[in-house]
Amino acid sequence: MIKKFINRLLGKGEGTTGRRASPFGKREDVPVQVHGIDPKLVDQRALDVVHTLKQAGFEAYIVGGAVRDLLLGLRPKDFDVATSATPEQVKGLFRRAFIIGRRFRIVHVIYGRGREHEMIEVSTFRAYLDSAAAEQVTGNERTSKGQLAGMTHAVDASGRVLRDNVWGPIEHDAARRDFSINAMYYDPESQTVVDFHHGIRDAKKKTLRMIGDAATRYREDPVRIIRAVRFAAKLNALGFQFDPKTREPLVASRNLLADVPQSRLFDEMLKLLQTGHALASIEQLKAHGLANGIYPLLDVVVQRADDPFVKLALQDTDRRVGEGKPVAPSFLLACVLWADVRKGWSQRLQPRPNQRPTPPVAALQDAVDDAFDARIGDVSGRGKLGADMREIWMMQPRFDKRVGSSPFSLVDQARFRAGFDFLRLRAQVGEVEEELAHWWETFQSVSDEMRDDMIDAQRRANLAKPGGPGAARRVKRSDADHPVNAPAPDPRFRPVTGAEEGDEDGPEMSGPTDAVPPDGTAPAKKRRRRRRKPTGAPRAEGGTGGDGPDEPG
């Protein structure tokens, strides 16, 4: 009994020895006959990176989610490599390699150019260090930049790791990774999987298990909470479930996210929504009590996920990722915040007493500014993402103009396709006419001659519409052509009636009798000038001279 009591005080369970289990696990080199990975699923560029590093005398493996997907028979979308080489040594081996990051220094090796480029992320094996032995910083990454500049391993007051750039052996690197299924190392040349924490066993059991104590690991890096949800969403369709000890601290650890920089949370939110499982990720957030409190903009996405317009945008994003097509965060966020922009736009277009109506474009610009201030703030409301969102929104009123040169200039815009896709979703939910979206879909894909014909047809359709350019309109008092605004009559001319001439048929006119002005008013009587004869000319016979009346002709 005394021995049991002492063991309990020392944290030893019954049946255990006095030796604490190693955090590094036990290395197992699993051959291809057991793991069954198909080498044809491995990207050639990842093979090239591993081969180059090994030729230079370093250890190198494909690591992380790529190994997990290979074990499941899936073709990974991204390949990461872990090596014993430092970032500077890696950079020296490749022509196009860039060291990035401060918290974790890694290297991006680039293949190809433009949109077709591929990137292999290379990280150095990191040492497993106890947070208690790290240098402690009182502030955070923003407030302590100068203090952190010379540190390789530092934590803040809550235990969150702010710097982790101490290099170590492969077993240390495996111990500091998050999930067991992401802590396996694959050597494509020997086709061996190195497993320290039963990752292959958990993959076969379809279990998501955190390495070590889950609450401690969430405290070291609270972003692991979001990563856990992302992995659960991605693997849920394959039957993966959280290990109970991994799931339990999720909600309780959510408050730790308040100390994470907003820019990093923003990036993690985009990963959550742009990996092809946006709808599944939102369902996982709801299922595990994380529907709010992670990041304000993510809260808005979750709240509006059932809105038909936002749901279509999420489905469209998942579809494009599944088809291997690029997706832009600006498009999805523009769809999520469109309700705010549309509401503000509509309110500004409402007429106000004794005020001129706000021009539609100016009203839309003001509504966009308010949406950015309320929902995005300083994180990504500026820069390219914010500019792209604005352009998508500001393009929408221009789709209504289908005559003149406007359609040609609009279709040449760099963000036209994103603006059109936005219009297409609006048409699908009934916000605009389907015919409008169909017209633009046709216009962008035909020749210039066909475009001219489409514009001419649209012009004729506009003329035929009630209230169109050629239709009669109601003349307002403020219009220039209203009778009250007609110019004053010339005092040299005056209208006369037939009574003044003693003729019931109206005034005598010098021109044709049917030359009546369109407004039906009587024309002014023309004054007849008497033609004078040259001095000394003989007088007409029978005439009365210049002072007498003209003879009837």
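Note that these values count all heavy atoms, side chains included, but never hydrogens, waters or copies made by symmetry.
Partner of D69 under the salt bridge (Lys or Arg N to Asp or Glu O under 4.0 Å) criterion, chosen from K77, R75, K234: K234.
Counting heavy atoms from C-beta outward, L257 and Y295 have side chains that stay 4.5 Å or more apart. Counting heavy atoms from C-beta on, the side chains of Q458 and M454 never come closer than 4.5 Å. Residues R426 and F309 are in side-chain contact: their nearest non-hydrogen atoms beyond the backbone lie under 4.5 Å apart. Counting heavy atoms from C-beta on, the side chains of I181 and F240 come closer than 4.5 Å. Using a 4.5 Å heavy-atom threshold, the side chains of W393 and L337 count as touching. You'll find the side chain of V223 reaches within 4.5 Å of the side chain of R264, heavy atoms only. Y111 has its side chain within reach of V109: a pair of non-hydrogen atoms, C-beta onward, lies under 4.5 Å apart. Between L410 and W440, some side-chain heavy-atom pair lies under the 4.5 Å cut-off.
The existence of a salt bridge linking D456 and R459 is confirmed by a sub-4.0 Å separation between a basic side-chain nitrogen and an acidic carboxylate oxygen. A salt bridge links E323 with R319: at least one charged nitrogen is closer than 4.0 Å to a carboxylate oxygen. Using a cutoff of 4.0 Å between basic side-chain nitrogens and carboxylate oxygens, D448 and R451 are scored as salt-bridged. By the 4.0 Å N-to-carboxylate-O rule, K286 lies close enough to D306 to be salt-bridged with it. A salt bridge links R424 and D421; the closest N-O separation between the charged side-chain nitrogens and carboxylate oxygens is under 4.0 Å. Using a 4.0 Å cut-off between charged side-chain N and carboxylate O, K40 and D38 make no salt bridge. Residues R320 and D316 are not paired through a salt bridge, judged by the lack of any N-O separation under 4.0 Å between the basic side chain and the carboxylate.
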Original post:
Run the salt bridge (charged side-chain N to carboxylate O under 4.0 Å, His left out) check on K343 and D370 step by step: do they pass?
Top reply: CA-CA 11 Å; K343 181 180 178 181; D370 286 351; over 6 Å; no

**OP:** Given ring pair (Phe, Tyr, Trp, His ring centres under 6.0 Å), test F399 with F443 step by step and report yes or no.
**Re:** CA-CA 11 Å; F399 284 111; F443 186 82; over 10 Å; no

Subject >> Derivation of the side chain to side chain contact (heavy atoms under 4.5 Å, CB included) call for V107 and E121 >> reply: CA-CA 6 Å; V107 180; E121 186 173 285; over 6 Å; no

Subject >> Test log, rule salt bridge (charged side-chain N to carboxylate O under 4.0 Å, His left out), inputs K311 and D307 >> reply: CA-CA 6 Å; K311 190 171 185 178; D307 177 83; over 6 Å; no

Original post:
Checking side-chain hydrogen bond (donor to acceptor under 3.5 Å, both in side chains) for the pair S123/R105: CA distance, chi angles, key distance, verdict?
Top reply: CA-CA 7 Å; S123 61; R105 296 178 69 222; over 6 Å; no

**OP:** Step by step, work out the side chain to side chain contact (heavy atoms under 4.5 Å, CB included) result for Q444 and R417.
**Re:** CA-CA 9 Å; Q444 63 183 295; R417 186 65 201 185; 3.0 Å; yes

**OP:** Report the C-alpha distance between E268 and R230 in whole Å, list the side-chain angles of each, state the deciding distance to 0.1 Å, and finish with yes or no for side chain to side chain contact (heavy atoms under 4.5 Å, CB included).
**Re:** CA-CA 9 Å; E268 288 297 327; R230 176 153 54 90; 3.7 Å; yes

**OP:** Dump the intermediate steps for side chain to side chain contact (heavy atoms under 4.5 Å, CB included) on D80 and I120, then the final yes or no.
**Re:** CA-CA 6 Å; D80 297 337; I120 305 297; over 6 Å; no

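Across every non-hydrogen atom of L272 and S281, the tightest pair is O-OG, 3.3 Å. For the residue pair A305 and I282, the shortest heavy atom distance occurs at CB-CD1, 3.8 Å. P76 and A66 get closest at one heavy-atom pair: CG-O, 3.5 Å. Closest heavy-atom contact between L70 and L41: CD2-CB, 3.5 Å. Taking each heavy atom of C335 and L425 in turn, the nearest pair found is SG-CD1, 4.0 Å. In plain terms, the two heavy atoms of A203 and L72 that are nearest each other are O-CD2, 4.4 Å.
For CD of E433, the number of neighbouring non-hydrogen atoms (other residues, nucleotides, ligands) closer than 6.0 Å is 12 at most.
Considering NE2 of H277 and CG of L235, their distance stands at 8.0 Å, rounded to 0.5 Å. Atom-to-atom distance recorded for D43:CG and D78:CG is 10.0 Å, nearest 0.5 angstrom. The CD1 atom of I225 sits 7.5 Å away from the CG atom of L290 when rounded to the nearest 0.5 Å. The distance from atom CD of Q303 to atom CG of L298, rounded to the nearest 0.5 Å, is 10.0 Å. To the nearest 0.5 Å, atoms CG (D267) and CD1 (I226) are separated by 10.5 Å. The distance from the CZ atom of R95 to the CD1 atom of I110 is 11.5 Å, given to the nearest 0.5 Å.
A donor-acceptor pair under 3.5 Å links the side-chain atoms of R254 to the main chain of G289, judged by distance alone. Of the possible polar contacts, none joining the S346 side chain to the R342 backbone as a donor-acceptor pair under 3.5 Å is found. Looking at R304, its side chain does come within 3.5 Å of a backbone N or O of V336 through a donor-acceptor pair. Without hydrogens or angle criteria, D340 side chain to A371 main chain gives no donor-acceptor distance under 3.5 Å. Judged purely by atom type and a 3.5 angstrom limit, D299 uses its side chain to pair as donor or acceptor with the backbone of G293.
Note: F420 and F416 have parallel aromatic rings, judged against thresholds of 30 and 60 degrees for the angle between ring planes. Under the 30°/60° scheme for interplanar angles, the aromatic rings of F179 and F231 are found to stand perpendicular.
No donor-acceptor contact under 3.5 angstrom links the side chains of D369 and Q365, judged on distance only. Using modelled atom types, one finds no donor on one side chain facing an acceptor on the other under 3.5 Å when comparing E434 with H438. Between S253 and R224, the side chains place no donor N or O within less than 3.5 Å of an acceptor N or O (distance only, hydrogens not considered). A donor atom on one side chain and an acceptor atom on the other are not found under 3.5 Å apart for W338 and Q396.
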